[in-house]
Every structure is written in structure tokens, then in C-alpha cells.
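Quick note: numbers below take in every heavy atom, side chains included, and nothing from hydrogens, waters or symmetry partners. Residue numbers start from 1 in every chain, and the chains themselves are labelled A, B, ... in the order their sequence lines are given, proteins ahead of strands.
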Protein chains: 2
Amino acid sequence: MDISLRQMRSFVAVAKLGSFTRAAEFLHVSQPTLTVQIRRLEEALQLKLFDRNPRSVNLTRVGRDLLPSFERTLQDLDSVLLDVKHVSTAQLGVVRIAALPSFAASLLPDSIRHFRKQNPGASFAVKDVIASAVLGLVRSDEVDLGLTGGNVDFPDIEVLFRASDEIRVVYPKGHPIDRFSRITAERLAQFPIVMMDGRTSVRAVTDNAFRKAKLMPTPVTETTQMMTALGMVRAGIGITLLPASAREIAAEPTLRARHISDPNFSRPVWLIKRKNRTLPPLSKAFADHLSRERVSFLKRDD
Amino acid sequence: MDISLRQMRSFVAVAKLGSFTRAAEFLHVSQPTLTVQIRRLEEALQLKLFDRNPRSVNLTRVGRDLLPSFERTLQDLDSVLLDVKHVSTAQLGVVRIAALPSFAASLLPDSIRHFRKQNPGASFAVKDVIASAVLGLVRSDEVDLGLTGGNVDFPDIEVLFRASDEIRVVYPKGHPIDRFSRITAERLAQFPIVMMDGRTSVRAVTDNAFRKAKLMPTPVTETTQMMTALGMVRAGIGITLLPASAREIAAEPTLRARHISDPNFSRPVWLIKRKNRTLPPLSKAFADHLSRERVSFLKRDD
DNA sequence: GATGTCCATAGATAAATCGTATGGCTGAGA
DNA sequence: TCTCAGCCATACGATTTATCTATGGACATC
């Protein structure tokens, strides 16, 4: 014989209201229902909980001792269930997302701001890590979503959304390249280029684009940070190639960033999750939000 | 739609064992039962809790977040229910009892010691107060049992047990009264008597006994404490009249205590409870214990 | 491609729950 | 003392819920 939550709620109601009839009203059930519930509870506990008289209902001492425990248990449970309700209706939750540092700095902040306008109960846990770490965090369920570039073609990874982050050429105003109306890989190769370090995903993309165009431009300098590359460009050392999403470009008002007429100069942006894993409602909502959102510097690949 | 404790237990079992089949074994139910329980729970919460694959069952993130709450709630409840079980089987509990100070010092300590030999889980809350306070504490449910003398004939008071505490005469060895084989009220009245204070229940009994015998013995001294009366007797000031239950008599090895051949020299001892109130199992057991127990200085009035 | 493992589904049966109608007890008031 | 009102307990039929057995379907392994 086991006890039920309904029995516990019935017990608390009768104890607090001191009457089966009033408790029945309160719980929207008939009075005999409560009689049976309490009797079953007493049978299960093998304890008399109430002393009944036609005139009054009184807790026995063991009933009185038991009341606070049951009450606390029910309150705890109800507060958990209320939280659950908010989670299930996507009113509350933590969106755990791993992203490449460039996306974490450019794409995510505005998206999160917009999303939180409509979902004030959303909080975010953003991990800005390199591409392989994004995959690792997604695989180990430490994050719900991953925002990354590179290869994501794995059997345990599902792509929710794909876009392109265009790689642009950045040069000082008045630079000779500015006179071309269309800028191609060949044109770029004619100028000294400040290139990103070989381990960065940007460099992987540009190297690949030049290889496809059968060109081998020589880097005049290599930098790890985009900010450093821009400093070089400002100083007139050369031009550079940076993703459109890079916020750093805006920090240098004397520089111009322009589109390159070559589809290879773009890196893919993937929103991924672990395959066969259900997203929390709020994370799902954020994923949908990202998919719907038109980000100026991203090209949608639908 | 409401959730049930069984659903919660099913959820925890499946989550911890990572398998519907193993959880079903563990809970001694069939596997489809668990499938249905979990589905119902998910419907009630409007949340997917598990990602099912034919090869593995994994908690979703919301499921993972929910698990500790449910687990804690169930553990709390189980520990309460375990306590309840011990209480219901009279293995555990607090016996709350109000008693006249004389009974609290004489009758109760040995009874409690014997009772605790058989019921090691019993603890006691003893209030030693005057008779009217005993009634008050019983009426207000602050104690389960009352041990008192005097009048207990009230409609809201139930007598569980009645005995008599014999009033004995106490005198120094070799005192002239010692030569009588039977001691009557008349014999007592021939000697100077150290009497208890008029407000004590002992004095009420002896006054009444002498009045019934149409005697008016004059007190040579009045004392409030039994110990003081005994000191007077030891010093040869007179004889005194004390209840057989008085432990103080044993402290004076040069004194003798003897029965008085007059049924009026005894005070009633009542074990009472509030009428229409169920006793906790352990308090009930103690009341039964008191009723069964043969106390040397108490005469049972069955 | 066959097989085994595991979860989901379907249908039948047993159990529990609930509401209506009714009975029984107690205390207040005539 | 009697009657009545108020309140809880009981009985019974209807509905819902829980459970089991049998079986289907998906995926991984060999």
C-alpha cells in the first residue's frame, strides 16, 4: 500500500480547514471523496490522523507532527512544478551555447539582445572556444547549441541552420585597389597582404580560395589577432582579408571593407546540435530565432 | 493533468539506470508500464524528459535539470514515511505526560526506565505541575497523558487507569505507636502530628480522613516539603503522614513507615487523557504499560 | 542480411477514483 | 426530553487509470 500526492493534498487541506466539507469545497471534490482519501492514507500509514466528531475534526498528535513535513514536501514540489511549467512554455531557461570567438563577439550579442526582448526569462551561457572544442562541448552535452565554422559533417551532429560569413578585403581609403569596381582573387594577389595566422579558420578559408584560383600570394606579415592585422593595414603595410562579421573593422574609421567577387571568399557558419537530442524549449526557441533573424553580414544558405 | 509519486519514482529509476527495461525490473513492474508512466509524466509536464533510441535512453537537458529536485523530494518523503512507520509501530516517539511532582519523582522514573527497556525508541517529555495544571495541559493537547490525583470527573476527560496511593504513618523506631498491631485514625490522633501544608494534596486527604472519623488532631508543626516533615519526625517532634510513593522516606533509615487500617487514608491516582483524542501509538503503549505494571506502593483499583 | 536488444503500441483486465444518494451520530435549542 | 441541523461515513454504480501480455518496429552487431 502506497500513498499518493492527492492523499497528501487532501490531508493538508482537511488539517488546515478543520473540516472535510470545507476541504472538499476547496479542492473541488465531493465530501465522500475526501473521506475515502483520508481513510486510505490512514490505512497506508497505519495511523489515525484525525479524531472525527460530528461537530469537529481534530488532528491527532501524530497527524499534527506529520502536517509540517507533508506541507513542506508539497510546497517544494509545487515550486519545482511551477518552474517546470515556465521551462516548458519557454518562459524560463538557460541557453547553453558554444561559439567560435568571432561569432561570440559579433553575431551572438545582438541576437541575444533581440531574443531577450521577447523572452525576458532567458539567460545565456556562452562558451567562446575554437572549432574543435565547440564540437566537443556539443557531443558531451555540455552545451545545447554550437555556432561554428569548418567541417560539421559527422553522424552524431545535426545542422539546424547554415549561413555564410563573407570574407572581405580591408584597405586604407585611397589605396590603389579602391579603383576596381569588382575585386577578384587575381586583383588581391597583386598587393601585399597581411594574413591571419595559419591556425585560424579565416586563414584556412583564404588559403583555400587562392588555391582554387591557382594563386599563391605571399603574406607580407602574419598576425593572430584581427585587431593587429588592422593596425598593420592602417600603417600602410598592406591590405588584409577579414570576415564581414568582424566588429574590429568598425574600430578603424580610416579603413574600407569591400566585397570580393569570388564565392570561395566566405566561410560557412553552422548552428549545430547533437543528433537525437531534444533541445530545451527555450534553446529551441533561440535556434529558431537565429534561423529567422536576418543578420546583415551573414548570407543565408537556405 | 496532475503528476503522481509513482511517475516521479519511475522517472528517477529510468534516469538512474539508463534503461526502461532495467528500471522495470528494479521497480517490479513490466516494461510497458514504465513506458506509459513516463509518457504520462511527459504529457503532464509538457516536456520531453528522455531521448529514446533502441540502443540507449538519455535524459534531455530539462530532464537532467529536473532529476535532482525529484530525487530530493522523494528522498525527503521516504525518510518522513520511514519515521511514520516507526511511529505507527510504536518503535519511535515522544510520550508527553504531565504529572503531579510527587508522582513525577516516584512513580514515573521507574516506570519510564522499565518501559524504555522494551521500547528503546521512546523518549519522554514530563511536566511536573500541580493538579489543575495537569488538567489544563491535557485539555490543551500539550500533553497526551496526565497523572494526577483529586477530582477528574469532567466530560472531556477520560480515565485510563485508577490506583490508590496509600497514606502511611511515619515514626522513629521505638516510638510508642509501634506497639499497636493495627493503626487506626484514633490511634494516630493520640500523638503529636507533623502535618503537610494545607495546600498540599496529602493534607487534603488526611484532613478528610480525620473528619470522616470525627477527629480533629492538632498539628504540632506544618511543613511544605516532605523532606522537612521527616526531619521533624527524626528529631522526635512527632509522627507524620506521607504517601507510600514518597521516595523521601527511604532517605531516613531510622524511621519506620506503616499501613493505616483506614481506607480513607489513601489518595487516588488517575491516569487520564482527553476524551475522543487518539493517543500516539507509543503513548498508548506507555499507558498500557502503566496499567499493567504492579507498583509496590500503589493499590490497583480495577 | 539475419539476429538480438530495446522501447512503443494495442487490447483486455483489474484497480482505483469519484459522485450521488443515504445513513448515523452528536450537540444545540425548543 | 425531543427534534432538528450539521457533518462525516457508507454503499453502489460509472468512469478513469494502471497494469499485464503479446506484438511491432528501429537500430546496432555480427
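Contact check on A:Asp141 versus B:Arg61 returns no salt bridge, with no Lys/Arg side-chain nitrogen under 4.0 Å from an Asp/Glu carboxylate oxygen. Note on A:Asp165 versus A:Arg267: salt bridge recorded, some NZ/NE/NH1/NH2 to OD/OE distance being below 4.0 Å. Between A:Glu158 and A:Arg139 no salt bridge is recorded (no basic side-chain N to carboxylate O distance below 4.0 Å). With respect to the salt-bridge test (charged N to carboxylate O, under 4.0 angstrom), the residues B:Glu71 and B:Lys16 qualify.
Phosphate proximity of C:dC6 to B:Arg52: absent, as no side-chain N or O sits under 4.0 Å from OP1 or OP2. Taking 4.0 angstrom as the limit, B:Thr33 places none of its side-chain polar atoms (N or O) nearer than this to OP1 or OP2 of D:dT19. Look at A:Arg6 and you'll find a side-chain N or O under 4.0 angstrom from OP1 or OP2 of C:dC18. Contact annotation: B:Arg39 side-chain N/O to C:dC7 OP1/OP2 distance is not under 4.0 Å.
Note on B:Ser56: nothing from the nucleic acid sits closer than 4.0 angstrom, heavy atoms only. Using a 4.0 Å heavy-atom distance criterion, B:Thr21 is classed as a sugar-phosphate-only contact. Within 4.0 Å of A:Val57, counting heavy atoms only, lie sugar-phosphate atoms of the nucleic acid but no base atom.
No donor-acceptor contact under 3.5 Å links the side chain of B:Gln37 to the base of D:dA18.
Mapping B:Thr35 and A:Gln31 onto DNA chain C by nearest heavy atom places B:Thr35 closer to the 5' end of the strand.
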